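These figures come from a predicted structure and were not determined experimentally.
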Amino acid sequence: MRGTTLLAAVMTSCGTCSTLAHPGHDEVNADAGVPIALVVIDEAEFANRVSITIDEHTAYRWITSNGIPDHEPGKFPNRGNPNTISEQKYVYRVTIDPQIAEKTTSVYGQPFGVALNGVPFDPGTAEVWSRNGRVQRPGGPHEGENVWNYDALSGQINLGIDASNAHVQPSGAYHYHGIPVGLVEKLTKGVQKPTMLLVGYAADGFPIYSELAYDKADDAQSKLRKMKPSFRLKEGERPGGEDAPGGKYDGTYVQDFEFVSGLGDLDECNGRTGVTPEYPDGTYYYVLTDSYPFVPRMFKGTPDKSFERRRGERPPQRREDGPPRDR
């Protein structure tokens, strides 16, 4: 009988954190045809706990975790973030056979995906610019979003982001807004040369890689280089008045950026199709970048409902002409 398979579970301890092993590039589940990710579970109190399993019968990858990073986080609370990290109860599932959807879907309102250490990638912020409580809701690629959403990594505001591009929600949930530097350092410890690094899975099941990928998407023998997104700052000034903040497009808001097809290596979802160490026959995959959008803001496939906001979590909050606070 086919059942649930634990890919790997190894215990290590480094004080209050755990070590996540590097995914085995050559290890593949023969039945499911998907790469096996190695997982470490540390039983120390308030330490990283994560389990990644594949249910071969239903063809889902299940990721459960307590949301505690397996690397040293920043100091929280801090001046820009008043929240304290606490354990969560995450249960995510993603298909092991993701498909490109007929149209893209906005990430707004839910995490984009989850890292191999069980920490969510959650690029959005709850606060939006408003004046007198008035908030626009336009169409376009961010349909359903409030117009002027603050961007956490803009450098224009202080949201208490740590060295791993992460901070904490009021619920105590530690989450990444960009490249998870601490996780990348752990996964590449002892690796002597640059590597295309799997760091997690998106809610639609497609893999997430750090910033390096093959120069030629379909050639694993080509050199690795940093992928360039295809977004740029808009030119000129934002509209002003009662419904917009005015001022120069400087990256403070998500809507300060525009996608230009072909400007970089990646599409509007910050992804591309090609071969990877884990998927030698090719797959669509997402890339985390060191410039906007940092973490993708749109799904190429269909996100699983397990990533939807849980009842009781805070909805987006309007803020009157002041520095924003993250969820």
Salt-bridge test for Asp250 and Arg238: reply yes if a basic N is under 4.0 Å from a carboxylate O, no otherwise. yes
Which class fits the ring pair Tyr150 and Tyr253: parallel under 30°, tilted 30 to 60°, perpendicular over 60°? tilted
Donor-acceptor pair, side chain of His175 and main chain of Phe121, under 3.5 angstrom: no
When you measure from the side chain of Thr125 to the backbone N and O of Ala152, does any donor-acceptor pair fall under 3.5 Å? no
Can a donor-acceptor pair be found, under 3.5 Å and without considering hydrogens, that links the side chain of Thr276 to the backbone of Tyr279? yes
Do any N or O atoms from the side chain of Asp304 and from the backbone of Ala203 form a donor-acceptor pair under 3.5 angstrom? no
Taking Gln88 for its side chain and Ser171 for its backbone only, find out whether a donor-acceptor pair lies under 3.5 Å. yes
Ignoring hydrogens and geometry, is there a side-chain-to-backbone donor-acceptor pair from Ser306 to Arg93 under 3.5 Å? yes
Which label fits Tyr60 and Trp62: parallel for a plane angle under 30°, tilted from 30 to 60°, or perpendicular past 60°? perpendicular
Just by distance, do the side chain of Ser230 and the backbone of Asp267 share a donor-acceptor pair under 3.5 Å? no
Taking the side chain as every heavy atom from C-beta outward, state whether Arg272 and Tyr285 have any atom pair closer than 4.5 Å. yes
For the aromatic rings, using the six-membered ring if either is Trp, is the centroid distance between Phe299 and Phe112 under 6.0 Å? yes
Side-chain donor/acceptor of Asn83 to backbone N/O of Val168, under 3.5 Å: yes
Do the side chain of Thr95 and the main chain of Asp97 share a donor and acceptor less than 3.5 angstrom apart? yes
Test your reading of the model: is there a side-chain donor-acceptor pair from Thr289 to the backbone of Glu211, 3.5 Å cut-off? no
Result of checking Lys226, Arg225, Lys216, Lys228 against Asp265 for salt bridge (charged side-chain N to carboxylate O under 4.0 Å, His left out): Arg225
Tell me, do Gln156 and Asp256 make a side-chain contact under 4.5 Å, heavy atoms counted? no
